[in-house]
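Working notes, beginning with the structure itself.
Each chain gets a letter, A, B and so on, in the order the sequences are listed, and its residues count up from 1.
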Amino acid sequence: MVVSEATENPDEPDHSTGSGLVAEKARRLARVEELRGRGDEPYPYRFDRSHTIGDVRRTWGELEAGTETDNEVTVAGRVMLKRDTGKLVFATIQDRSGQVQLFISKAVTGDEHFVDVKELDLGDWVGVSGTVMTTRKGELSIKATTVRLLSKAVRPLPDKWHGLTDTDTRFRQRYADLIVNEQARRHFEIRHAVVASFRRTLHGEGFIEVETPVLHAEAGGAHARPFTTHHNALAMDLYLRIALELHLKRLIVGGMERVFEIGRIFRNEGISTRHNPEFTMMELYQAFADWNDVMDITERLITRAATDALGTTNITIRGEQFDLAEPWPRLSMCGAVSDKIGTTVHPSQPLDEVRTIADHHGAKYEPSWGSGRVIESLFEELCEADIIRPTFVTGHPVEISPLARVDRDDPFVTERFELFVDSRELANGYSELNDPIEQRARFEDEQAAKDAGDAERGTVDEDYLRALEYGMPPTGGLGVGIDRVVMLLSGVDSIKEVILFPTLRPEQEIH
RNA sequence: CCGCCUCUAGCUCAAUGGCAGAGCAGUGGACUCUUAAUCCAUUGGUUCUGGGUUCGAAUCCCAGGGGGCGGACCA
């Protein structure tokens with residue numbers, strides 16, 4: 001806490017001449033003391049309201065201008081604006097359902113109570129009782145008989161007109177962002193609607209919601225660098241999970257048939273407009289289904305989420321309108337690359353041949369990569385940027401898909417798809433590999449690549465193999481990046497806009 | 001980790017090498033139908049930090065810090 005240098009006598013700071021944040025806080029804190037001194041609690045324990053502001057608007061929104069009713073209501077909200085015309089004060093208060101004007105007349109409240117109204121600051125929480133009315137100009141208002149302070153704000157709100165625009169401050173002080181920026185509140189309403197919609201759809205189709213460990217002894221199920229942590233009592237290092245996959249499939253082995261989890265996963269990688277170190281994934285696994293079933297459920301989940309969150313399946317991507325309800329095109333990875341460059345590429349081709357093509361088209365690769373992984377690099381380099389509308393990219397090479405089942409018609413690719421929208425990967429799914437012998441071979445390939453220096457590759461998960469040995473039914477699986485779905489439906493370009501508290505460096509000093 | 005951009009009052013922004021300013025918020029005053037209320041008066045600055053160039057630096061240079069965008073990384 002900084003003590004103002006201008007304060008010569010610390011026992012009695014001079015609020016009349018000071019200014020700036022320190023003086024403003026001192027002035028408001030002095031008001032807190034003044035209220036306590038006379039026996040009024042500036043932070044009461046509870047308050048009963050009869051209506052939300054949204055209720056008031058719904059019930060009386062059509063009232064004609066210049067109407068006085070004797071309908072009594074009690075609402076609560078934060079003071080956002082105050083217009084003082086002397087013996088009449090207008091204030092705009094806000095709760096999560098909206099804003100409404102208070103009409104506070106000295107003649108109604110009485111002189112003593114009116115003095116306290118005058119002392120209210122922007123940002124204070126109040127509980128208000130009064131009657132519903134409209135002004136001569138037609139503004140729906142509550143004609144207050146009492147205005148009770150529910151919580152004194154000692155820090156001023158951001159600018160009442162321009163709000164808070166500094167991105168750094170908006171993300172660090174999300175609380176302030178949410179108070180003043182309706183758009184920010186909207187993004188998190190959409191987020192809630194998406195998650196609720198996913199749950200509703202999945203429950204409706206017989207899926208069971210489960211929770212699996214966040215702390216893993218082995219970080220498997222994806223290619224990513226994990227965060228490490230330590231458990232003291234067990235005296236061992238643990239990883240934060242990078243995927244949900246392997247535990248959920250153990251449950252399919254256990255006979256749960258349809259399971260899903262919505263959970264946080266952690267990847268120790270770069271931060272960008274599309275990546276946050278912790279993000280939310282929904283994964284589901286459905287026994288007796290294959291990748292085609294999973295593509296269908298992906299369309300249902302996201303289309304219904306759009307309807308539930310936005311009331312429409314029409315969305316705008318890069319200024320262009322798309323209807324999510326129309327079937328989503330399917331594009332094979334090898335086919336897309338082949339079409340783009342005019343020659344056929346396929347993971348069955350010798351590595352030299354594929355490398356030559358990559359060199360020719362500026363796609364990068366590492367010495368340890370096989371043909372399949374180089375083709376993926378070609379796809380990322382040449383095709384990804386062109387995908388705007390929702391598109392299933394299918395047929396990923398076996399080399400880059402260690403948990404997916406080989407295509408029933410082509411032994412070099414898998415029955416796998418990734419959903420791309422606006423050049424971003426939103427979902428990933430496949431027919432799950434359930435042959436324990438083949439899975440072991442795939443894990444051993446991963447381990448070999450890891451041993452050769454590729455840090456993101458996987459390891460042999462013996463317990464998972466043991467589970468498969470009990471027999472996993474044919475299964476289709478899906479992972480959906482919730483944050484990215486919310487980005488799509490919110491129409492924002494940065495993942496930080498849809499994460500309440502995105503990862504940032506800590507502030508050095510808090511003012 | 002690299003490149004570019006950015007950082008000025010609580011908030012939103014000016015000042016392009018020559019006295020650090022405005023609006024909002026705050027403070028004092030007027031006002032019983034305002035709508036970002038209005039009107040009069042007024043307080044408030046480590047110009048992100050440190051160093052340098054210069055008679056003189058918010059401004060130019062160097063280093064550092066925060067943030068943004070792009071790249072790298074991210075199957």
Side-chain angles (χ1 to χ4, degrees), chain A residues 4-6 14-28 65-66 80-92 99 101-108 114 121-123 133-141 143 154-173 176 180 221-225 242-243 267-277 279 333 364 369 372-373 375-377 379-380 396-404 414 416 418 424-425 428 446 449 454-458 493-494 496 502 504-509 511:
Chain A
S4 170
E5 293 128 36
D14 183 359
H15 312 304
S16 59
T17 58
S19 186
L21 182 60
V22 172
E24 174 70 3
K25 285 169 72 174
R27 203 200 102 247
R28 294 187 184 214
M80 300 301 292
L81 295 169
K82 212 174 113 189
R83 297 174 289 278
D84 185 345
T85 72
K87 298 185 184 65
L88 183 63
V89 170
F90 298 91
T92 302
Q99 296 188 334
Q101 176 170 271
L102 304 181
F103 180 105
I104 312 165
S105 164
K106 188 173 184 178
V108 175
F114 197 69
D121 284 303
L122 300 188
M133 61 165 281
T134 51
T135 63
R136 288 174 201 157
K137 297 243 174 75
E139 182 75 33
L140 181 65
S141 307
K143 188 172 188 175
V154 298
R155 182 181 286 266
L157 289 180
D159 191 281
K160 69 180 179 184
W161 182 243
H162 299 97
L164 191 60
T165 61
D166 183 73
T167 48
D168 188 17
T169 312
R170 284 187 47 231
F171 298 147
R172 286 189 196 283
Q173 301 186 36
V180 298
H223 287 160
R225 287 174 208 269
I242 57 173
R267 295 186 180 177
N268 202 343
E269 286 155 0
I271 296 176
S272 77
T273 47
R274 295 171 292 282
H275 301 87
N276 195 65
F279 62 102
M333 179 176 280
K364 293 175 195 132
W369 295 5
R373 194 146 179 215
I375 288 171
E376 185 197 30
S377 175
F379 176 80
E380 288 171 356
H396 299 60
V398 173
E399 181 188 353
I400 57 168
S401 313
L403 298 162
T414 54
R416 177 178 172 194
E418 288 179 308
R424 283 193 285 262
E425 182 196 341
N428 179 26
E446 286 290 300
D454 200 345
E456 287 115 49
R457 301 297 283 271
D493 292 325
S494 172
K496 292 191 174 76
L504 296 172
R505 283 195 170 83
E507 284 173 278
Q508 291 171 334
E509 201 180 351
H511 298 281

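Pair check for B:G26 finds B:U42; Watson-Crick or G-U wobble, both atom distances under 3.5 Å. Across all strands shown, B:U16 has no partner, as no Watson-Crick or G-U wobble contact with both distances under 3.5 Å is found. Base pairing of B:C69 is made with B:G3, judged by Watson-Crick or G-U wobble geometry with both donor-acceptor distances under 3.5 Å. Using N1 to N3 plus N6-O4 or O6-N4 for Watson-Crick, or N1-O2 and O6-N3 for G-U wobble, each under 3.5 Å, B:C60 pairs with B:G52. Summarising the base pairing, B:A9 is matched to no nucleotide, lacking a Watson-Crick or G-U wobble pair whose two defining distances lie under 3.5 Å.
Of the two residues near RNA chain B, A:Q173 and A:D121, the one whose nearest nucleotide lies more 5' is A:Q173.
Using a distance-only test at 3.5 Å, with no hydrogens or angles considered, no donor-acceptor pair links the side chain of A:T134 to the main chain of A:E139. With hydrogens and angles disregarded, no donor-acceptor distance shorter than 3.5 Å links the side chain of A:T92 to the backbone of A:M80.
Within the nucleic acid shown, A:G163 comes within 4.0 Å of sugar-phosphate atoms alone, with no base atom in reach, counting heavy atoms only.
A salt bridge between A:E446 and A:R457 is present, with a side-chain N of the basic residue lying under 4.0 Å from a carboxylate O of the acidic one.
Protein atom CG of A:L157 is 14 Å distant from nucleotide atom C1' of B:U12, rounded to whole Å. Look at CG on A:L21: it is 11 Å from C1' on B:G26, rounded to the nearest Å.
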- Note on the structure: Counting primed atoms, P, OP1 and OP2 as sugar-phosphate and everything else as base, the B/S/- map of nucleotides 31-40 of chain B against protein heavy atoms under 4.0 Å is BBBBBBB---
- Sugar-phosphate atoms are those with a prime plus P, OP1 and OP2; base atoms are the rest. Using that split, label each nucleotide of nucleotides 65-75 of chain B B, S or - for protein heavy atoms under 4.0 Å, 5' to 3'. SSSSSSS-BBB
